[in-house]
Amino acid sequence: MRPLAHPDREQLTLTSVLYALGDPVRLEIVRVLAERGDLCCNAFDPTIAKSTMSHHFRILREAGLVHSRKDGTQHINRLRRDDLESVFPGLLDVVLQAANNVDLS
C-alpha cells in the first residue's frame, strides 16, 4: 500500500481548505474530529458508502485538514488543528462555530 500524501504546513492554501470544508459531509467529519479526537473512518456515518467516505477523507487529507495513519487494517484520522491555526489563525474555530449553529442534514 502506498503511503498517504499529507501536505506540509507551508503547502496549506486557503482555497484548498475552504474547498474541503465546503462539502457538508466533510464539514461534519471535521466537526466530529474536533469534538471527539482521533477516530477511524468507520466511526462516521455508516449510511455513506465506503468509497465515498474514502473520497472525502482524501480531499480532507490533501487539503491539510486531517492527518491519517494506518493502524492495522484501519486508518486513524486526526484534525491538524495546530498546523491550521498557525497558517490560518482563528479560521477553524470560526468554521466549527458556524457548523455547530447550522443543521447539516
Side-chain angles (χ1 to χ4, degrees):
M1 177 179 261
R2 291 181 292 155
L4 299 172
H6 296 91
D8 293 330
R9 179 183 291 188
E10 299 78 27
Q11 295 174 307
L12 301 182
T13 65
L14 185 59
T15 54
S16 63
V17 168
L18 292 177
Y19 170 77
L21 291 170
D23 180 88
V25 173
R26 293 192 291 265
L27 182 57
E28 179 64 7
I29 289 169
V30 169
R31 190 191 67 72
V32 170
L33 287 172
E35 183 180 290
R36 295 179 48 201
D38 297 5
L39 293 170
C40 60
C41 297
N42 67 5
F44 297 90
D45 189 346
T47 63
I48 298 175
K50 185 177 178 181
S51 60
T52 302
M53 286 303 282
S54 294
H55 169 75
H56 287 305
F57 276 102
R58 181 180 58 81
I59 297 293
L60 290 168
R61 190 174 54 252
E62 290 176 354
L65 286 155
V66 299
H67 182 272
S68 303
R69 66 178 166 79
K70 189 151 175 64
D71 185 16
T73 60
Q74 305 217 356
H75 287 97
I76 307 300
N77 302 283
R78 73 168 169 80
L79 191 58
R80 292 179 60 182
R81 185 179 287 278
D82 292 340
D83 289 338
L84 291 163
E85 187 62 28
S86 72
V87 178
F88 309 112
L91 177 66
L92 189 57
D93 290 334
V94 169
V95 168
L96 291 173
Q97 182 178 11
N100 285 328
N101 294 328
V102 175
D103 181 15
L104 297 176
S105 52

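All residue numbers in this chain count up from 1 along the given sequence. Note that the structure is predicted; figures quoted are calculated from it, not measured.
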Inset, instruction - Please identify each residue that fulfils side chain to side chain contact (heavy atoms under 4.5 Å, CB included) with Ala49, with sequence neighbours left out. - result: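 Checked Ala49 against side chain to side chain contact (heavy atoms under 4.5 Å, CB included); matches are Ser51, Thr52.
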Inset, instruction - Apply the side-chain contact (heavy atoms from CB on, under 4.5 Å) test between Leu33 and each candidate in Val66, Leu60, Leu65; give the one that qualifies. - result: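 Per the side-chain contact (heavy atoms from CB on, under 4.5 Å) rule, the option paired with Leu33 is Val66, out of Val66, Leu60, Leu65.
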Inset, instruction - Tell me who clusters with Ile59, hydrophobic residues only, linked when side chains sit under 4.5 Å apart either directly or through other members. - result: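 Cluster partners of Ile59: Tyr19.
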Legend entry - Minimum side-chain heavy-atom gap Val25-Glu28 below 4.5 Å: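 Not touching, per the 4.5 Å side-chain cut-off.
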Inset, instruction - Would you confirm whether His67, through its side chain, and Leu79, through its main-chain N or O, come within 3.5 Å as a donor-acceptor pair? - result: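 Judged by distance alone, no pair lies under 3.5 Å.
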Any pair with a residue in [range] that passes salt bridge (Lys or Arg N to Asp or Glu O under 4.0 Å), sequence neighbours left out, goes on the list, sorted by first then second residue, please.
| range | answer |
| --- | --- |
| residues 81-101 | Arg9-Asp83, Arg80-Asp83, Arg81-Asp93 |
| residues 16-26 | none |
| residues 50-65 | Arg58-Glu62 |

Inset, instruction - Evaluate the side-chain contact (heavy atoms from CB on, under 4.5 Å) criterion for residues Leu91 and Leu14: first the C-alpha distance (whole Å), next the side-chain angles of each, then the deciding distance (0.1 Å), finally the verdict. - result: CA-CA 10 Å; Leu91 177 66; Leu14 185 59; 3.8 Å; yes
Inset, instruction - Step by step, work out the side-chain contact (heavy atoms from CB on, under 4.5 Å) result for Leu92 and Val30. - result: CA-CA 9 Å; Leu92 189 57; Val30 169; 3.9 Å; yes
Inset, instruction - Provide the full list of ring-ring contact (aromatic ring centres under 6.0 Å, His included) pairs with a residue in residues 30-56, sequence neighbours left out, each pair given once. - result: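 As it turns out, the ring-ring contact (aromatic ring centres under 6.0 Å, His included) pairs with a partner in residues 30-56, which skip direct neighbours, are Phe44-Phe57.
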Inset, instruction - Start with the C-alpha distance between His6 and Ser68, add both sets of side-chain angles, then the distance that settles side-chain contact (heavy atoms from CB on, under 4.5 Å), and finish with yes or no. - result: CA-CA 8 Å; His6 296 91; Ser68 303; 4.1 Å; yes
Legend entry - Linked, directly or transitively: Leu96 and Phe88 (ILVMFWY side chains, under 4.5 Å):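 Yes, same cluster.
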Legend entry - Residue pairs fulfilling side chain to side chain donor-acceptor pair (under 3.5 Å) with at least one residue in residues 33-46, sequence neighbours excluded: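 Sorted result for residues 33-46: Arg31-Glu35, Asp45-Thr47.
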Inset, instruction - Might you point out which heavy atoms bring Ala63 and Pro7 nearest each other, and give the distance in Å? - result: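 The answer is C-CG, 4.2 Å.
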Inset, instruction - May I have the step-by-step check of side-chain contact (heavy atoms from CB on, under 4.5 Å) for Cys41 and Asn77, ending in yes or no? - result: CA-CA 7 Å; Cys41 297; Asn77 302 283; 3.4 Å; yes
Legend entry - Ser16: side-chain hydrogen bond (donor to acceptor under 3.5 Å, both in side chains) partners, not counting sequence neighbours: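 Scan of Ser16 (side-chain hydrogen bond (donor to acceptor under 3.5 Å, both in side chains), adjacent residues dropped) gives Thr13.
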